[in-house]
Amino acid sequence: MSSTTPEPVAPAAEPSPRAKRPGLPFWAQVFIGLAVGVVLGFLARQLDQAWLAETLKTVGGIFVQLLKVIVVPLVLAAIIVSIANLRQVTNAARLAGETLVWFAVTAAASVVVGITLGLVTNPGANATLDTSAGAAPDHTGSWLDFLTSIIPGNFLGLEVSTSAEDGGALSSSPSFNILQLVVLGLAIGAAALAVGAKAEPFVDLTRSALEIFSKLVWWVIKLSPIGTAALIGSAVANYGWDLIGPLAIFTADVYIGCAIVLLVIYPIVARANGLNPVRFFAGAWPAIQFAFVSRSSIGTLPLTQRVVTHNLGVSRDYASFAVPIGATTKMDGCAAIYPALAAITVAQLFGVDLGVTDYLLIAFVSIVGSAATAGLTGAVVMLTLTLSTLGLPLEGVGLLLAIDPIIDMIRTATNVAGQALIPTIVAKRNGLLDQSVYDANTFGGADTRLELDEDETDSAEARDEQRVAVLA
């Protein structure tokens, strides 16, 4: 009987950290939530189920509020750490300047789209509205709002507003001015750089806090399918589509204008800088689709930050201050396309002729004035700023507010797409982009990488350190 030596058994292969986890991908879960929300909202509206509409509104509001709460410590910690990490980079000021220039370039292109659509379609002349029903808003935007919005009233940028309820009782609600948090983070980070080695314990503590808040953000983002269902369901239940009728052309213009910027302007800008537009939209899609249903650039900020770094491959040190600044000042939908179209619509509704100088003023306000709306009420204040600059009746604002929730969805999606694109372009131009991560984006696959393993996180940190070393 012969004996043979048993062949060694090969060890089982280690699962790849990039291997897909079982179950539906993140994008599919969000789309299912979107479909469920539309159905629930339709049922609540058609069957007059007030309890269902109120439930959808409450759940959606809680979800957005959770994101807004986490944004406060996340933005502050991220900017402090990013400034401290750039101590070896000699061109940090140039990066910031280049970011702002690209903000202005794409805003200029967006406002041209808005003005052109307004001149071609005449949305106000074709509207069926009674101008006597308009009412001026309680607060209007002004250029001084920019100065007051960046000066923190306290350490956390906390503001308390008081309002009268139905019974006449006064109630107070706190809110955070995100632009003030950005200013505070920049100042504290710069001070940490100036202090030097003595500030290292503080920077290390802030860095640890940033990791904790980032994990909290991901836990909330995992609830996106539920939040999406509630938010879109609430919109359908409370507003429906019957409000569009009197301003159908204006509504269509806003959607068409935003589509042109999203699908034409942004791809041209991306391609001109050596980036595949399809790869960009595949990587940024989770943030864009969530912005559409949440109608909040600030609420989407944690997700925007995550897709910019983890999907698009932008250096976290650069993205951690470029994305928050973009979320407060980069608003191609709300601050460029919308006010241009709205100003033309209001002028036509009230029979006011606009000249070349007026159109140049619209462009100027849209490009420069968006900073004046940061930390305030977004598109409404931007519109009042535009109308007051042109001398148009502010009563026109009240005529457009009825359909604002419907058009705000596409405006916010456009805002967030631009807030993700510009940091990606600047990173590409300055060697701060991991091209292999960017090129790996495909629809249906990119957003499954939102949750990274520890090894991937460490690798990302190592890549950031290498890129900073190259720029030093």
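- Scanning all heavy atoms of the two residues, the minimum distance from Pro267 to Phe281 falls at CG-CE1, 4.0 Å.
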Item to check | Candidate pair Ile337 and Val111, rule side chain to side chain contact (heavy atoms under 4.5 Å, CB included), full reasoning | outcome: CA-CA 5 Å; Ile337 300 171; Val111 75; over 6 Å; no

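- The shortest side-chain heavy-atom distance between Val269 and Trp102 falls under the 4.5 Å cut-off.
- Minimum interatomic distance between Arg45 and Ala237 (heavy atoms only, all atoms of both residues): NH1-O, 3.1 Å.
- Within the cation-pi definition used here (under 6.0 Å to the ring centroid, within 45° of the axis), Arg411 qualifies as a partner of Tyr338.
- Among all heavy-atom pairs drawn from Ile232 and Val38, the shortest one is CG2-N, 3.9 Å.
- Judged by distance alone, with hydrogens and angles left aside, the side-chain atoms of Tyr438 form a donor-acceptor pair with the main-chain N or O of Asn276 at under 3.5 Å.
- At distances below 3.5 Å, not a single donor-acceptor pair connects side-chain atoms of Asp253 with backbone N or O atoms of Gly114.
- Residue pairs that meet the salt bridge (charged side-chain N to carboxylate O under 4.0 Å, His left out) test with at least one member in residues 413-432, sequence neighbours left out, are Glu98-Arg429.
- Put simply, the side chain of Leu119 reaches to within 4.5 Å of the side chain of Tyr359, judged on heavy atoms.
- When every heavy atom of Val308 is checked against every heavy atom of Pro423, the shortest pair comes out as CG1-CB, 4.5 Å.
- In this structure, OG1 in Thr414 is found 6.5 Å from OH in Tyr266, a value given to the nearest 0.5 Å.
- Rounded to the nearest 0.5 angstrom, Leu117 CG and Ile249 CD1 are separated by 12.0 Å.
- The heavy-atom pair separating Ile407 from Thr251 by the smallest distance is CG2-CG2, 3.7 Å.
- Shown here is Leu216, whose CG atom has more than 12 heavy atoms of other residues, nucleotides or ligands within 6.0 Å.
- In this structure the side chain of Thr121 never reaches within 4.5 angstrom of the side chain of Phe250, judged on heavy atoms.
- To the nearest 0.5 angstrom, Phe280 atom CZ is 4.5 Å from Leu421 atom CG.
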Next on the checklist: Would Phe202 and Ile188 count as a side chain to side chain contact (heavy atoms under 4.5 Å, CB included) here? Give the steps.
Outcome noted: CA-CA 11 Å; Phe202 169 76; Ile188 295 173; 3.8 Å; yes

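- Separating the CD1 atom in Ile425 from the CG atom in Leu312 is a distance of 11.0 Å, to the nearest 0.5 Å.
- Contact detail for Pro324 and Ala319: the closest heavy-atom pair is CD-O, 3.6 Å.
- Ring pair Phe290/Phe63: centre-to-centre distance below 6.0 Å.
- Ile212 contributes atom CD1, which lies 13.5 Å from atom CZ of Arg207 (distance to the nearest 0.5 angstrom).
- One N or O on the side chain of Asp434 and one on the backbone of Ser436 form a donor-acceptor pair closer than 3.5 Å.
- Partner Cys258 forms a side-chain contact (heavy atoms from CB on, under 4.5 Å) with one of Asn415, Ile410, Thr412 and no other, that one being Ile410.
- Side-chain contact between Ile265 and Asp332 is absent, with no heavy atoms from C-beta onward closer than 4.5 Å.
- Asn311 places no side-chain N or O within 3.5 Å of a backbone atom of Ala284 that could act as its donor or acceptor partner.
- Rounded to the nearest 0.5 Å, atoms CG (Leu52) and CG (Leu56) are 4.5 Å apart.
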Checklist entry - Step by step, would you call Tyr318 with Asn430 a side chain to side chain contact (heavy atoms under 4.5 Å, CB included)? => result CA-CA 11 Å; Tyr318 165 63; Asn430 291 274; over 6 Å; no

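- Using a 4.5 Å heavy-atom cutoff, the side chains of Val314 and Leu432 are not in contact.
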Checklist entry - Would Val203 and Ile80 count as a side chain to side chain contact (heavy atoms under 4.5 Å, CB included) if you check the C-alpha gap in whole Å, the side-chain angles of each, and the deciding distance to 0.1 Å? => result CA-CA 8 Å; Val203 174; Ile80 293 173; 5.5 Å; no

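- Between Ser234 and Thr55, every side-chain heavy-atom pair lies at or beyond the 4.5 Å cut-off.
- At least one donor-acceptor pair closer than 3.5 Å links the side chain of Gln419 to the backbone N or O of Lys330.
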